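In what follows, a single structure is set out as structure tokens and then discussed.
Everything quoted here is computed from the prediction, not taken from an experiment.
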Amino acid sequence: MIRVLLVDDQPLLRSGFRALLDVEDDIEVVAEAADGEQGLALAREHLPDVALVDVRMPVMDGIEATRRIAADPALAGVHVVMLTNYGFDEYVFHALRAGAAGFLVKDIEPEDLLHAVRVAARGDALLAPSVTRRLIERYVAEPVHRGIDAVLDGLTNREREAVALVARGLSNEEIADQMVISPLTAKTHVNRAMVKLHARDRAQLVVLAYESGLAVPRRR
């Protein structure tokens with residue numbers, strides 16, 4: 001059973017998401033919150049697998065709530081998916097750096113929301129194509145290098161290759177095809193890179209790949 005926490009200051013949206021999620025046999029909404037502070041408290045109380053968190057809320061916004069969840073070892077199993085009306089904005093960029101596992105726009109189709117919750121619960125990155133494109137464009141316009149070359153030195157060549165492919169949005173199966181290895185071996189390379197780079201999930205691998213220059217945005 002996938003346990004979900006809803007954090008949004010719009011009661012109507014929360015009710016709609018709950019109605020959609022609760023009818024699924026493998027998904028259960030365990031709590032609802034109207035702001036980030038309440039959401040953080042409920043995350044600690046219920047330890048959900050997935051927290052759907054609005055970017056902009058009163059008291060504590062979604063970015064700060066995400067940052068605190070990501071920093072709390074007791075909440076390591078909580079995967080935050082940010083909800084936004086905008087597809088991409090500066091808030092979303094900072095939320096990804098804060099530890100969000102992915103992003104969804106609020107007008108998402110019902111089947112896409114269900115898929116997103118299941119993907120996030122597995123620990124996979126969930127980045128809508130529009131969000132990924134804008135994130136990459138940000139790095140094209142304003143590269144950010146945080147001096148993590150020493151950390152990257154700890155990766156094997158195959159792990160580096162796998163991380164670069166993760167940054168392109170490839171799944172483990174697609175990475176396996178590109179590297180001519182088994183999906184299990186691809187998953188092993190990705191997981192080992194996550195451990196070495198202290199990344200919570202694949203979304204953070206994307207950030208680290210671009211920040212370090214391991215992945216280079218493709219100009220169109």
Are side-chain heavy atoms of [X] and [Y] found at a separation under 4.5 Å?
X	Y	result
Leu52	Leu21	yes
Phe17	Leu83	yes
Pro110	Leu20	yes
Val117	Ile2	yes

Check your understanding: Got a sec: does the CZ of Arg192 have more than 12 other heavy atoms crowding it under 6.0 Å?
Key -> no
**Study point:** Neighbour count above 12 (heavy atom, 6.0 Å) for Lys187 NZ
**Key:** no
If every non-hydrogen atom of [X] is compared with every non-hydrogen atom of [Y], which pair is closest and at what distance?
X	Y	result
Ala33	Gln38	CA-OE1, 3.4 Å
Gly99	Ala70	CA-CB, 4.2 Å
Val163	Ala193	CG2-CB, 3.4 Å
Ala209	Ala167	CB-CB, 3.7 Å
Val78	Ala51	CG1-CB, 4.1 Å
Pro48	Ala43	CD-O, 3.5 Å

So does [Y] get a backbone contact from the side chain of [X], meaning a donor-acceptor N/O pair under 3.5 Å?
X	Y	answer
Glu159	Thr156	yes
Asp49	Arg3	yes
Lys196	Gly154	yes

Gap between atom [atom2] of [Y] and atom [atom1] of [X] - 0.5 Å precision:
X	Y	atom1	atom2	result
His189	Asn172	NE2	CG	11.0 Å
Glu24	Met1	CD	CE	10.5 Å
Leu6	Leu42	CG	CG	10.5 Å
Ile63	Met57	CD1	CE	9.5 Å
Gln178	Glu173	CD	CD	13.0 Å

Do [X] and [Y] sit in one hydrophobic cluster, given that two such residues count as connected whenever their side-chain heavy atoms are within less than 4.5 Å of each other, even indirectly?
X	Y	value
Val30	Ile27	no
Ile181	Leu165	yes
Met179	Met194	yes

Study note, to complete from the structure: In Val119, Val81, Leu5, the residue satisfying side chain to side chain contact (heavy atoms under 4.5 Å, CB included) with Val50 is Val81
Point to revise | Option among Thr66, Val53, Leu40, Asp54 that satisfies the side chain to side chain contact (heavy atoms under 4.5 Å, CB included) test with Val7 | key: Val53
Practice item. Check side chain to side chain contact (heavy atoms under 4.5 Å, CB included) between Ser15 and all other residues, then give those that pass, not counting sequence neighbours. Key: none
Revision key, fill the gap. Contacts of Ile108 meeting side chain to side chain contact (heavy atoms under 4.5 Å, CB included) (sequence neighbours excluded), chain-then-number -> Leu104, Asp112, Leu113
Residue list, side-chain hydrogen bond (donor to acceptor under 3.5 Å, both in side chains) with [X], at least two apart or on another chain:
X	answer
Thr188	none
Asp177	none
Glu28	none

**Study point:** Residue pairs passing the salt bridge (Lys or Arg N to Asp or Glu O under 4.0 Å) test where at least one lies in residues 63-81, sequence neighbours excluded
**Key:** Arg44-Asp72, Glu64-Arg67, Glu64-Arg68
Practice item. Give the C-alpha distance, both sets of side-chain angles, the deciding distance and a yes or no for side chain to side chain contact (heavy atoms under 4.5 Å, CB included) between Asp61 and Val55. Key: CA-CA 6 Å; Asp61 64 26; Val55 171; over 6 Å; no
Check your understanding: Between Arg56 and Asp9, is there a salt bridge with N-O shorter than 4.0 Å?
Key -> no
Point to revise | salt bridge (Lys or Arg N to Asp or Glu O under 4.0 Å) between Lys106 and Asp8, intermediate numbers included | key: CA-CA 11 Å; Lys106 291 184 179 182; Asp8 195 291; 3.0 Å; yes
